[in-house]
Amino acid sequence: MSTGRHVSVQTGGSITIPCSYDLNHIHHVKYWCQGLGWDVCSYVVRTDHPKSSGKTSISDDINKRIFTVTMTDLTLWDSNTYRCVVEINRGPDMMIQWFHLSVTPGTPELYVEQQEVTGVEGGSVTVCCYYSNSGDMKWCRMGGDCVSGNSGTLHGTSVTLNQTSDANNRTVLTVTMSGLKMENTDWYWCRVGEIEMPVHITVSQQTATQRTSKMTSTTQDPTPQQPSASPTAEPVQTDNTSQGAEGNMEEVHQRSIDVKVLLISLGMLVVVTAGILVTWKMWRRHKDNKAKDQTTNNSVSADPEQDITYSTVTHTRETAPQDPFPEADDDVTYSTVILQHKTQLKGQTKSAEPDDNVVYSSLALQVTTQVSVGVSSVCCTR
């Protein structure tokens, strides 16, 4: 059984409390009860039922062998003694931890701004513990060792403790854990005197971007890292070979992306150019067809069944014999008929058909006593 812990929370606030248990109790029911005495401790929540009741809830992580209880919207009436208990079948239940919760309307004696802090592997995290009480200051891992004084190590991770005051004149214990490892994910306790506050730290793996950024900053700042001032601090080893290989993979991947973007751009350019050429050819073909249609509309189609006869008649008075046989008082009419293919109609050009014939006739009428008085043209169509 662990010793009791004292926790202080402001009115209206919330708190999450972790309880660790033994490997043999993984499949046992766990519960959170309230009461000053062990014999009068009443159930609040259980891991089987109910898992939540009003403002309190419970969850069990069998991989970490930790069950947590969260209490929200706390009031002065919630100030009491609580217990973490493992239910034992056919035997007495086992209390693994008890807490005294103090809810105050003013500023708690010890508090943190957030109970959940995250970091990345190889990086660092900082936790600020604000306090108004006095006593020894420690940073402890749940179920493990503690660091007090100015610095120390927890499971190979460097820990420094620094006491300062912030801009609001609050005294603060600043805890920094550097060189984080994946196994540093756990619950920790910030302790000043008899008051404690639980804090959960989660360490995640670095992303490719974070690794590349770290490598770049290391290249730009070649200053060697100074060793820790703590005589017990263990050096943090860095696998430069693996980081270099990962950096090369990132560079190859980036080049592959650039080549793909270039090929896509060239393909789009070819498609656009081909579209412009096709559009231009279609426009030229349309223009040529339009010109041909206008030429056809302006031409006149001749009827292949019709022949056209052109006749020119000239009327003159006979002044001199034009023929060796006329009589003295007779008028003489001269006629000339010319048969040829039709090539023009009213000044418009058209193609003559093989069966179209044009007959041209010229008639000359002469009177012996008059001169030429006029010319007329006659067009007869057959």
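Note that this is a predicted model, so its numbers are computed, not measured.
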Donor-acceptor check, side chain of D22 to backbone of N24, threshold 3.5 angstrom: yes or no? yes
Spacing of C129 atom SG and Y111 atom OH [to the nearest 0.5 Å]: 11.0 Å
Quick one: SG on C19 to CZ on F67, what's the gap to the nearest 0.5 Å? 4.0 Å
Is it true that atom NZ of K51 has more than 12 heavy atoms of other residues, nucleotides or ligands lying nearer than 6.0 Å? no
Flag yes if L262 and V270 sit in one hydrophobic cluster, no otherwise; membership is Ile, Leu, Val, Met, Phe, Trp, Tyr, and two members link when side-chain heavy atoms are under 4.5 Å apart. no
Can you see which heavy atom on P105 is nearest to which on Q10, and at what distance? O-NE2, 3.6 Å
Any donor-acceptor N/O pair, H28 side chain to E87 backbone, under 3.5 Å: yes
Taking all non-hydrogen atoms of both residues, which atom of F99 and which atom of I17 are closest, and how far apart? CZ-CG2, 3.1 Å
Taking R191 for the side chain and G193 for the main chain, is one N or O donor matched with an acceptor at less than 3.5 Å? yes
Between N184 and T157, a side-chain donor and acceptor under 3.5 Å: yes
Would you say the side-chain atoms of S20 pair up with the backbone N or O of I66, donor to acceptor, closer than 3.5 Å? no
May I ask you to check whether over 12 heavy atoms, not counting those of D136, lie within 6.0 Å of atom CG? no
Closer than 3.5 angstrom, by distance alone: can the side chain of Q34 be matched with the main-chain N or O of N80 as a donor-acceptor pair? no
Atom CG of D145: over 12 foreign heavy atoms under 6.0 Å: no
Please confirm whether the backbone N or O of H286 pairs with a side-chain atom of N289, one donor and one acceptor, at under 3.5 Å? no
If only atom types and distance count, is the side chain of Q163 paired as donor or acceptor with the main-chain N or O of T171 below 3.5 Å? no
More than 12 heavy atoms of other residues, nucleotides or ligands under 6.0 Å from CG of L76: is that the case? yes
Identify the two heavy atoms, one from Y131 and one from L110, that lie closest to each other, and give their separation to 0.1 Å. CB-CD1, 3.8 Å
Is the number of heavy atoms from other residues, nucleotides or ligands under 6.0 Å of N133 CG greater than 12? yes
side-chain hydrogen bond (donor to acceptor under 3.5 Å, both in side chains) evaluation trace for S59 with T68: CA-CA 6 Å; S59 63; T68 55; 2.9 Å; yes
Run Y188 and V147 through side chain to side chain contact (heavy atoms under 4.5 Å, CB included) and show every step you take. CA-CA 11 Å; Y188 296 82; V147 174; over 6 Å; no
Does CE belonging to M268 count more than 12 external heavy atoms closer than 6.0 Å? no
Answer yes if V29 and M95 sit in the same cluster of Ile, Leu, Val, Met, Phe, Trp and Tyr residues linked by side chain heavy atoms under 4.5 Å apart, and no otherwise. no
Whether the side chain of E121 engages the backbone of Q206 through a donor-acceptor N/O pair (distance < 3.5 Å, no angle test) should be reported. no
Taking every non-hydrogen atom, the tightest pair across H25 and K30: O-NZ, 2.9 Å
Mind listing the closest non-hydrogen atom pair of M182 and S204 along with its distance? SD-C, 3.8 Å
For D166 and Y130, does a side-chain donor sit closer than 3.5 Å to a side-chain acceptor? no
Testing the 3.5 Å rule here: is there a donor-acceptor pair between the side chains of E116 and T202? yes
With a 3.5 Å distance limit and no angle check, can you tell me whether T153 reaches the backbone of S158 through a side-chain donor-acceptor pair? no
R5 side chain to L101 main-chain N or O, any donor-acceptor pair under 3.5 Å? no
Working to the nearest 0.5 angstrom, can you tell me the gap between T47 OG1 and H27 NE2? 12.0 Å
Please find the pair of heavy atoms, one from E109 and one from S8, that lie closest to each other, and give the distance. N-OG, 3.6 Å
